[in-house]
Every structure is written in structure tokens, then in C-alpha cells.
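Residue numbers begin at 1 in each chain, while the letters A, B, ... track the order of the sequences.
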There are 2 protein chains.
Amino acid sequence: MAKKKQQDTLSSEEKIKEAARKVFMEKGYAATRTRDIAEAAGINLALLNYYFRSKEKLFELVMQEKLSSFFGLILPVLQDPASSLDDKIHTIADRYISMLAANPDLPLFVLNAMRNAPKKFAAMLKGADHLLQSAFARQLKERNPHVAPEQLFINIMSLCIFPFAMRPGLEVISPEIGATFNVLMEERKKLVPKWMRAMLKVK
Amino acid sequence: MAKKKQQDTLSSEEKIKEAARKVFMEKGYAATRTRDIAEAAGINLALLNYYFRSKEKLFELVMQEKLSSFFGLILPVLQDPASSLDDKIHTIADRYISMLAANPDLPLFVLNAMRNAPKKFAAMLKGADHLLQSAFARQLKERNPHVAPEQLFINIMSLCIFPFAMRPGLEVISPEIGATFNVLMEERKKLVPKWMRAMLKVK
DNA sequence: GTCTATAACCTGATAGAC
DNA sequence: GTCTATCAGGTTATAGAC
């Protein structure tokens with residue numbers, strides 16, 4: 001109801017954008033009808049095109065926003081030469097798990113977006129690429145020269161993000177996980193760094 | 001070309017099913033047009049409905065098939081009381097990574113299917129649920145009573161499956177990973193069990 | 001800026017000939 | 001079984017009144 005009140009005071013443009021975030025995240029681009037967005041925004045269909053010209057342009061706006069928040073969280077951490085490796089791992093785990101607990105649909109949305117429009121994604125990220133030249137990769141390599149830093153980077157991403165992507169499946173396979181999911185994720189903020197430290201010792 | 005020849009000798013029904021697997025896996029349900037499938041199968045649109053009645057029924061057929069191969073690989077391993085914990089971990093890692101290397105679109109397809117139709121997924125899996133009562137969960141708990149077995153189950157799934165789901169993103173973030181992806185995944189068949197053993201010691 | 005009405009197009013599905 | 005032609009309904013986007 002706090003949300004409802006807030007929405008009533010937003011401009012039409014902002015109401016549409018907010019509704020678009022919600023519906024696109026829940027259903028994806030193809031399954032979303034502009035009518036759904038207009039209805040969720042409490043405005044008319046024509047107004048959507050008045051402000052955003054087309055479904056595709058509105059989607060790109062949302063996608064850009066979501067990709068930014070998804071990667072904006074991690075890229076500065078990876079590239080910071082001042083912080084230690086352990087600090088980086090802790091910060092990434094803590095921030096990602098917090099963010100995804102608040103935005104459970106984000107992982108699948110981002111994964112689909114990257115797959116369906118890799119070129120747009122690349123254009124959006126230029127300048128932030130070359131993970132293997134980052135401070136993080138260098139520190140990983142120093143700590144454990146036996147395992148490629150790519151592997152350990154993949155691991156921290158996997159351990160933080162994948163649980164949210166497979167949540168619906170987990171809830172079916174094990175009702176107990178469904179019931180305690182948020183608690184489990186909260187625990188992982190401390191467990192992931194511990195596991196990463198253990199993995200760093202593996203040759 | 002072996003594939004092309006094979007397709008020419010298939011029955012129309014099988015050609016349609018094969019094309020449906022391909023197109024649905026690449027684009028998902030909503031973005032796929034029955035015309036795309038018909039074209040990929042080299043047959044007429046009407047024939048698709050003649051054999052499968054509707055787009056939705058055809059999709060469910062494909063989905064059932066894919067979910068079976070995705071979970072059929074792991075559930076028997078989890079429930080086998082005879083094999084050791086280390087054997088289970090090794091088998092899961094080896095089979096999943098091999099299977100996903102051959103079917104790179106499978107993870108995202110399954111994740112989307114589970115999210116969009118959790119009830120169908122649950123119906124498809126009844127009898128195979130209750131992970132926490134499995135031999136795997138019991139063995140995890142014995143080996144490390146300090147960490148919930150759910151957490152370690154989530155970890156092995158994450159480490160095996162997620163790299164394939166985020167491959168398109170990885171290729172943008174780091175061109176080097178894109179170039180050596182298959183090699184990295186092959187290495188992980190041995191690394192994932194090592195990492196899991198290391199994580200099992202963490203309290 | 002916001003609405004109603006409608007144009008223009010696309011998609012799933014079927015009828016009916018062969 | 002397989003095709004062409006077409007229907008019925010839905011979808012995006014716009015025209016035009018207010």
C-alpha cells in the first residue's frame with residue numbers, strides 16, 4: 001500500500017517505467033504485452049507509445065537499467081587495486097546476495113538478456129571488459145598459481161547468483177529449501193567467503 | 001551434413017519434433033512462432049497442428065523431454081545408497097559437464113521452464129522429491145554436520161550448471177574465457193570434486 | 001498529456017483440395 | 001499425409017478528439 005500511494009504520486013512516464021520493470025522482469029520481453037504494462041501502470045496503452053515510442057525501446061531502457069545494477073555492483077570491486085582479495089570476495093558475496101534477495105527475478109532476466117542480445121550487452125559494457133587484467137584476477141593468480149583465475153571468478157559468481165536462478169526448481173525438489181530459502185541465502189553471505197578461501201588452496 | 005541426411009530420412013512427425021527442440025531451446029516458448037518450427041522442419045505449418053494439435057502441446061512435449069534428461073541424470077545418483085559421497089560428487093560433475101557441453105542451451109531453458117510452469121514441473125517430478133531424505137543429503141550431513149546439506153547441494157549444482165548459463169556474459173566480460181570455454185569446462189570435471197572436498201571441511 | 005477508436009500487421013489454428 | 005488458402009483473434013502502433 002506504501003507502493004500504491006507512491007505510484008499515485010508518480011508522473012505517468014515514471015508509472016509506465018515502473019510497471020515495465022515489473023512486467024518485463026516477470027514475463028520476459030516476448031511474453032509481455034504492452035497492454036499488460038499499461039494496465040499495471042494504470043494508464044492507457046496509447047500513452048506508453050507517446051512516452052517511449054515502442055515496446056522495444058521501453059524494454060531496452062529497462063534492460064540497460066538492470067544490467068547496470070547487476071554489473072555495476074561487481075566491476076568496481078574487481079578493479080580496485082587497494083582492497084585485498086579476501087575483502088573483494090567478502091564484498092561481492094555480501095552485496096550480490098543482498099541485492100538478489102531483494103530482486104529475485106534479476107538473475108534469470110539478466111541471463112536471458114545477455115543470451116538474446118549479446119551485442120547490446122557488449123556495447124553497454126565496453127571499457128569494463130578484460131576481466132583477466134583486473135586486480136582481482138591478478139590477486140587470484142598470486143594466491144593460487146595452479147588454478148586459472150577464470151575458474152575462481154566463475155565460482156564466486158556461481159555460488160552467489162545461481163541459487164536465486166534455480167530457486168523455483170529447488171522449491172519443488174525440496175519443500176524444506178523453499179521454506180527456509182531466505183535464511184539459507186543469508187547464511188551464504190558468510191559461507192561463500194569461507195568456501196572461496198578453501199577453494200583457493202586447491203591445486 | 002550427417003544431420004541433414006539424417007533429417008531427410010526422418011518421418012515428418014520426427015522432423016517437426018526435432019525442429020521444435022531446436023527452435024524452442026534457442027528462443028523460448030513465447031518468442032517462437034509455429035511457422036519458425038515448420039520452416040526449420042522443412043514441412044508445412046498445417047502439418048504441425050495435424051500431428052501435435054497446438055503449439056502448447058508441442059512445447060510441453062519438448063519440455064518434458066528436456067526436464068527428464070536434465071534431472072534424470074542426477075536424481076538416481078543422489079538416491080543411490082551404495083556409492084560413496086565422493087563417488088556421487090565425481091559422477092554428478094562429470095555427467096553434468098559433459099551433457100551441458102553438448103547442450104549449452106539446456107540450463108537456461110530448464111531454468112525458464114521451472115520458473116514459468118512450476119506446477120507442471122512439480123507434477124513431472126513427483127516421487128523424486130524430498131532431496132533432504134536422499135542418501136546424498138545424509139552422507140553430506142555425516143561428513144560435515146556444521147553446514148546444512150542443502151547448502152552443499154546448491155553448491156555442486158551451481159558450480160556445474162551456472163558456468164553454461166552465463167557463458168554469453170562471460171564471453172563479453174572476458175574474450176579469453178570465450179576462446180577457451182570448452183577447455184575450462186573440461187578442467188572443471190576434476191576441479192569441481194576437488195573444490196567440493198575442500199568445501200566439505202569448512203565449518 | 002491523455003483518452004477512444006482503429007489501422008496494419010502477425011500468429012495460431014483449421015477447412016478443404018489433392 | 002501433405003499441401004494451399006484463409007479465418008478468427010490478438011498485438012503493436014498511430015490518428016485524432018478532448
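Ring-centre distance between Phe52(B) and Phe59(B): not below the 6.0 Å cut-off. Aromatic ring centres of Phe121(A) and Phe71(A): separated by under 6.0 Å. Taking the six-membered ring for Trp and the full ring otherwise, the centers of Phe70(B) and Tyr96(B) sit less than 6.0 Å from each other.
Regarding Phe59(A), its CZ atom lies at a distance of 19 Å from the C1' atom of dA13(D), rounded to whole Å. Computed from coordinates, the Glu39(A) CD to dT4(C) P distance equals 13 Å when rounded to whole Å. In this structure, the CD atom of Glu13(B) is 8 Å from the P atom of dG1(D), given to the nearest Å. Rounding to whole angstrom units, CG of residue Leu45(B) and P of dG1(D) are separated by 18 Å. Across the protein-nucleic acid pair, Leu10(A) atom CG and dG1(C) atom C1' stand 16 Å apart, rounded to whole Å. For the pair Phe52(B) CZ and dG1(D) P, the computed distance is 12 Å after rounding to whole Å. When rounded to the nearest whole Å, the span between CG of Asn49(A) and P of dG1(C) equals 16 Å. Rounding to whole angstrom units, CD1 of residue Ile16(B) and C1' of dA13(C) are separated by 14 Å.
Considering only side-chain atoms of Asn44(B), the nucleotide from dT4(D), dA13(D), dG12(C) that sits closest is dT4(D). The Tyr51(B) side chain lies nearest to dG1(D) when the options are dG12(C), dG1(D), dC3(D). Here dA13(D) is the nucleotide among dT2(C), dA13(D), dT14(D) with the atom lying nearest to any side-chain atom of Lys55(A). Minimum atom distance to the side chain of Arg35(B) is reached by dA13(C), of the listed dT4(D), dC3(C), dA13(C). In the set dA13(D), dT2(D), dA13(C), dA13(D) carries the atom at the smallest distance from any side-chain atom of Ser54(A).
At dT2(D), none of the side-chain N or O atoms of Tyr50(B) fall inside 4.0 Å of OP1 or OP2 (strictly under the cut-off). One finds a side-chain N or O of Ser12(A) lying less than 4.0 angstrom from the OP1 or OP2 phosphate oxygen of dT2(C).
Between the base of dG12(C) and the side chain of Arg33(B) there is no donor-acceptor pair shorter than 3.5 Å.
Note that the NZ atom of Lys17(B) and the CG atom of Leu48(B) stand 12.5 Å from one another [nearest 0.5 Å].
When side chains are defined from C-beta on, Asp80(A) does not count as touching Asp87(A), because their heavy atoms never get closer than 4.5 Å.
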